[in-house]
Amino acid sequence: MKKVKLGLLPKLPIEWNRKSVGSAESGREVLSDGRIKYWIRHEELKGVSPKMLTWWFQHLEGDMEYEGNLYNRYHVWHPEDHVHVSYQKRKPDGSVGPGAALRIVEYLGRQKSYLVNVVSPIEKLDEDGFIHNPWLYGILPLARMEYSFKETEFGTRYENCLIVGWKGISFRIFQPIFEFLFFDKKHGYAWIKHNIEEVGQFERFLPNLYRKENENIR
């Protein structure tokens, strides 16, 4: 795994669309195989299309102009928690989709105990949704992240979930220990809060960024 600086970044001094946890439906449930699912049904994303979202997850690297200044676009997506994103692996043609992998570093709620430091292979990425599978420190299979996008009259109905653990009897046995050591309920609800905030921020920057970088696309 590539070496990346892991420290918290200063908060970006920008205005952002910080939605509250109450703006979405969310919850926690234990699946029949013992894995733990944290799920969110977000408030409708107005002005944001599934095509924009697909493009975004294929173009996470680099900077963007925002409020008259140049900032790292991943940091703009969550001005407090995000630290680093890159494509650890791309497809043979250089594009991003199934077969590629993300490198992600962030701190949920800016809490050092909630460091996310993963390599996450991409399983699916299209206008219906996005699935990737984080490996903790690039070694331990940690979770599965599933997103679905449905176009609406005014934007997108965006739902996603984080499924913690792995399939098989071993996780049923070690679930209490796994939760205690790696991902307890407080950690899971911190993820929900973080995710609602970053998804809400799409309305603030993504439509303009997409149009600017795709001027010839109609």
Side-chain angles (χ1 to χ4, degrees), residues 1-21 26 36 38 40 53 56-90 96 100-122 125 130 132-145 147 160-165 177-206 209 213:
M1 189 164 67
K2 294 178 183 177
K3 190 172 183 179
V4 174
K5 291 183 179 180
L6 300 181
L8 274 166
L9 297 178
K11 296 179 184 180
L12 283 187
I14 61 174
E15 295 291 329
W16 61 299
N17 193 33
R18 187 175 194 156
K19 291 190 176 182
S20 68
V21 172
S26 62
I36 303 148
Y38 293 90
I40 309 169
L53 292 165
W56 167 252
F57 289 114
Q58 294 171 328
H59 298 84
L60 288 167
E61 295 177 331
D63 296 333
M64 62 176 287
E65 188 177 339
Y66 186 84
E67 295 183 348
N69 292 294
L70 197 64
Y71 298 111
N72 176 271
R73 62 179 63 189
Y74 187 64
H75 204 180
V76 170
W77 189 22
H78 198 299
E80 296 185 357
D81 296 357
H82 284 175
V83 174
H84 171 87
V85 74
S86 58
Y87 296 107
Q88 182 86 358
K89 178 184 176 184
R90 290 176 176 265
V96 174
L102 292 163
R103 175 72 195 282
I104 301 169
V105 179
E106 59 191 21
Y107 290 86
L108 306 179
R110 294 185 68 80
Q111 297 188 52
K112 291 186 177 180
S113 58
Y114 293 163
L115 167 66
V116 176
N117 180 20
V118 299
V119 170
S120 196
I122 296 171
L125 179 54
F130 181 31
H132 61 101
N133 299 279
W135 286 64
L136 184 64
Y137 305 117
I139 301 170
L140 177 67
L142 174 68
R144 178 178 177 84
M145 299 194 73
Y147 308 61
N160 63 327
C161 67
L162 168 63
I163 303 173
V164 180
I177 298 171
F178 184 91
E179 282 201 279
F180 177 76
L181 292 176
F182 297 109
F183 210 92
D184 62 9
K185 288 182 182 180
K186 288 183 179 180
H187 199 155
Y189 289 123
W191 173 81
I192 287 176
K193 179 177 182 292
H194 167 91
N195 194 263
I196 291 171
E197 291 172 347
E198 69 180 8
V199 170
Q201 175 70 341
F202 278 137
E203 293 179 336
R204 183 89 180 182
F205 76 88
L206 185 54
L209 178 65
E213 296 200 5

Subject >> Residue among Val118, Val116, Val4 satisfying side-chain contact (heavy atoms from CB on, under 4.5 Å) with Val105 >> reply: Val4
**OP:** With sequence neighbours excluded, tell me which residues meet ring-ring contact (aromatic ring centres under 6.0 Å, His included) with Phe130.
**Re:** Phe57, His132, Tyr147
Subject >> By ring-ring contact (aromatic ring centres under 6.0 Å, His included) - contacts of Trp16 (at least two apart) >> reply: His78
Original post:
With Asn72, which residues qualify under side chain to side chain donor-acceptor pair (under 3.5 Å), at least two apart?
Top reply: none
**OP:** Check side chain to side chain donor-acceptor pair (under 3.5 Å) between Glu198 and all other residues, then give those that pass, not counting sequence neighbours.
**Re:** His82, His194, Asn195
**OP:** With sequence neighbours excluded, tell me which residues meet salt bridge (Lys or Arg N to Asp or Glu O under 4.0 Å) with Arg73.
**Re:** Glu213
Original post:
Who passes salt bridge (Lys or Arg N to Asp or Glu O under 4.0 Å) against Arg90, sequence neighbours left out?
Top reply: Glu61
**OP:** Might you work through the side chain to side chain contact (heavy atoms under 4.5 Å, CB included) test for Leu53 and Leu206, ending with a clear yes or no?
**Re:** CA-CA 8 Å; Leu53 292 165; Leu206 185 54; 4.0 Å; yes
Does [Y] offer a backbone N or O that forms a donor-acceptor pair with the side chain of [X] under 3.5 Å?
X      : Y     : value
Tyr87  : Leu60 : yes
Tyr107 : Leu6  : yes
Arg110 : Glu80 : yes

Original post:
Can you find a pair of side-chain heavy atoms, one from Tyr74 and one from Ser86, that are under 4.5 Å apart?
Top reply: no
Of all residues at least two apart in sequence or in a different chain, which pass the side chain to side chain contact (heavy atoms under 4.5 Å, CB included) check with [X]?
X     : result
Glu67 : Ile14, Glu15, Arg204
Leu9  : His75, Val83
Lys19 : Asn17, Ser23, Glu43, Ile196, Glu203

With rounding to the nearest 0.5 Å, note down the distance linking [atom1] in [X] to [atom2] in [Y].
X      : Y      : atom1 : atom2 : result
Glu106 : Trp77  : CD    : CH2   : 8.0 Å
Asn133 : Ile163 : CG    : CD1   : 9.5 Å
Asn117 : Arg103 : CG    : CZ    : 4.5 Å
Lys185 : Ile192 : NZ    : CD1   : 12.0 Å
Leu125 : Trp56  : CG    : CH2   : 13.0 Å
Ser113 : His187 : OG    : NE2   : 7.5 Å

How close do [X] and [Y] get, counting heavy atoms only, and between which atoms?
X      : Y      : value
Trp191 : Cys161 : CH2-C, 3.9 Å
Ser120 : Pro134 : OG-N, 3.0 Å
Ala101 : Val119 : CB-CG1, 4.2 Å

